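The structure appears right after this line, and notes come after that.
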Amino acid sequence: MASRIPLMAGNWKMNLNHLEAIAHVQKLAFGLSEKDFAEVEVAVLPPFTDLRSVQTLVDGDKLKIKYGAQDISAQDSGAYTGEISGPMLAKLNCTYAVVGHSERRQYHGENEDICNAKVKAAFKHGLTPILCIGEPLEVRKAGTHVEHTLAQLDGGLKDVPAEQAATIVIAYEPVWAIGTGEVATPEDAQEVCAAIRARLAELYDGELADKVRIQYGGSVKSGNVAAIMAQPDVDGALVGGASLDAEEFVKIVRFRDQ
Ligand SMILES: O=C[C@H](O)COP(=O)(O)O
């Protein structure tokens, strides 16, 4: 099995302004050690308006914290009011761009074609997409959560070449577990993450599937992260609410100590 470095990413969603972002990243930098960075990749996903502040701090203090955007336009430039493009994010040295978060799918009507175009836009500009997939509650209740999630995976990766797909991050986020305190059991997370890896092996090959990092997201906290990370196909967490508390996020990064 490939050794996959766990990726702990804090999705701040629409929280923290550009000044609060600086204070927050400083707290993370203060709380995390060289050992943490050797064992775990740590990333923050602030609102667009914070990215310059975060970049300045990370560059100025040579921090090992990575950062990225919560969304990316499928277009490179032009008359797309309110959109932020891949070239703009690349210019800010972003590493990641989240694609297809369930809140974008729910509130902004992002379908598989849009997510697929955004995945391609991210790769085109040297950004690593974190492609979010996962089922709503009614699908879980109907027992078709694996099929639903794999269809989103297929859609997001349509016509994405293997050399790019090998570097993507997939975040499995059951919608019913997001911001609800209703965390999926470690077995629930493993079931779908294993199915995602198996589908990657079908779409590409086993070697590629073995390299791709698959995160779990949905009410991850310091108290439940260790059991989730103990699952063989879970390679990190996409953390929402708990990532807004620096001490709590540091504990999540140190999941092995919890
Ligand atoms: O992107 C993060 C997920 O939506 C999880 O959010 P949450 O940790 O607040 O449940």
Side-chain angles (χ1 to χ4, degrees), residues 6-16 20-21 24 28 40-48 50-51 54 65-72 89 94-108 110 115 118-119 122 127-137 139-140 145 148-149 152-153 156 168-186 188-189 192-193 196 213-229 231 234-255 258:
L7 171 61
M8 293 303 182
N11 175 9
W12 299 356
K13 306 195 178 182
M14 196 170 69
N15 295 289
L16 306 183
E20 292 164 333
H24 191 70
L28 293 179
V40 176
E41 187 180 336
V42 182
V44 293
L45 304 163
F48 289 128
D50 297 1
L51 284 170
V54 173
I65 296 170
K66 299 197 176 154
Y67 55 91
Q70 297 172 16
D71 187 27
I72 178 173
L89 298 174
C94 287
T95 299
Y96 293 105
V98 176
V99 173
H101 191 282
S102 63
E103 288 146 17
R104 301 291 314 172
R105 293 175 190 261
Q106 183 179 353
Y107 303 128
H108 300 273
E110 296 196 2
C115 293
K118 289 185 172 192
V119 165
L127 302 157
T128 298
I130 299 178
L131 174 64
C132 299
I133 54 179
E135 80 286 356
L137 184 58
V139 171
R140 166 67 58 164
H145 49 285
H148 177 98
T149 303
Q152 291 180 325
L153 180 71
I168 200 168
V169 175
I170 305 293
Y172 168 57
E173 298 206 311
V175 180
W176 48 271
I178 294 177
T180 58
E182 189 72 38
V183 66
T185 66
D188 290 337
V192 184
C193 290
I196 290 169
R213 289 181 295 179
I214 304 174
Q215 297 178 302
Y216 168 79
S219 297
V220 171
K221 298 183 175 48
S222 59
N224 57 31
V225 66
I228 292 166
M229 288 301 293
Q231 301 303 311
V234 179
D235 307 313
L238 186 57
V239 186
S243 74
L244 298 174
D245 177 334
E247 282 181 26
E248 176 68 3
F249 191 58
V250 166
K251 284 188 195 164
I252 290 170
V253 170
R254 293 196 183 130
F255 65 93
Q258 306 308 316

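Predicted model, so just to flag it, every value in this text is computed and none were measured. One-based numbering along the sequence shown. Remember, it's 1-based here, ligands and their atoms both numbered in the order they're listed.
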Notebook entry, point to check: Closer than 4.0 angstrom: is that true for some heavy atom of K221 and an atom of ligand 1?
Noted result: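 No, K221 has no heavy atom closer than 4.0 Å to ligand 1.
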Note to self: Is G218 close enough to touch ligand 1? Criterion: a residue heavy atom under 4.0 Å from a ligand atom.
What the structure shows: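 Per 4.0 Å heavy-atom rule, G218 contacts ligand 1.
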Min N/O separation [X] to ligand 1 under 3.5 Å:
X: G179; answer: yes
X: E173; answer: yes
X: S219; answer: yes
X: L238; answer: no
X: A242; answer: no

Next item on the list: Mind checking whether S243 contacts ligand 1 via backbone (N, CA, C, O), side chain (CB onward), both or neither, at a 4.0 Å heavy-atom cut-off?
Entry: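 None of S243 does.
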Check: Taking non-hydrogen atoms only, is N11 closer than 4.0 angstrom to ligand 1 via side chain, backbone, both or neither?
Finding: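 Within the 4.0 Å criterion, N11 contacts ligand 1 through side-chain atoms alone.
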Quick one: does [X]'s side chain get under 4.5 Å of [Y]'s, heavy atoms only?
X: E110; Y: V99; answer: no
X: H101; Y: K13; answer: yes
X: E103; Y: I178; answer: yes
X: N11; Y: S243; answer: no
X: L45; Y: I130; answer: yes

Next item on the list: Among all protein heavy atoms, pick out the one at the shortest distance from atom 8 (O) of ligand 1; state its residue, atom name and that distance to 0.1 Å.
Entry: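 That would be G240 N, 2.9 Å.
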Check: Tell me: protein heavy atom nearest atom 9 (O) of ligand 1, and distance?
Finding: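 Protein heavy atom at minimum distance: G241 N, 2.8 Å.
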Next item on the list: List every atom of ligand 1 that sits less than 4.0 Å from any heavy atom of A177, numbering the atoms from 1 in the order shown and giving each element.
Entry: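 Contacts of ligand 1 toward A177, numbered from 1: 10 (O).
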Checklist line | Criterion side-chain contact (heavy atoms from CB on, under 4.5 Å) on V98 and R104, from CA distance to verdict | finding: CA-CA 10 Å; V98 176; R104 301 291 314 172; over 6 Å; no
Next item on the list: Could you check which of E103, K13, Q215 puts a non-hydrogen atom nearest to atom 4 (O) of ligand 1?
Entry: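 Comparing heavy atoms across E103, K13, Q215, the nearest one to atom 4 (O) of ligand 1 lies in K13.
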Next item on the list: Tell me, yes or no, whether the heavy-atom count around E247 atom CD, taken from other residues, nucleotides or ligands under 6.0 Å, exceeds 12.
Entry: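 Check fails, neighbour count at 12 or below.
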Check: Do Q215 side-chain atoms and A237 backbone N/O form a donor-acceptor pair below 3.5 Å?
Finding: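 Yes; judged by distance alone, with no hydrogens or angles, the pair exists.
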Check: Where do Y216 and V192 land on the side-chain contact (heavy atoms from CB on, under 4.5 Å) test, with the steps shown first?
Finding: CA-CA 10 Å; Y216 168 79; V192 184; over 6 Å; no
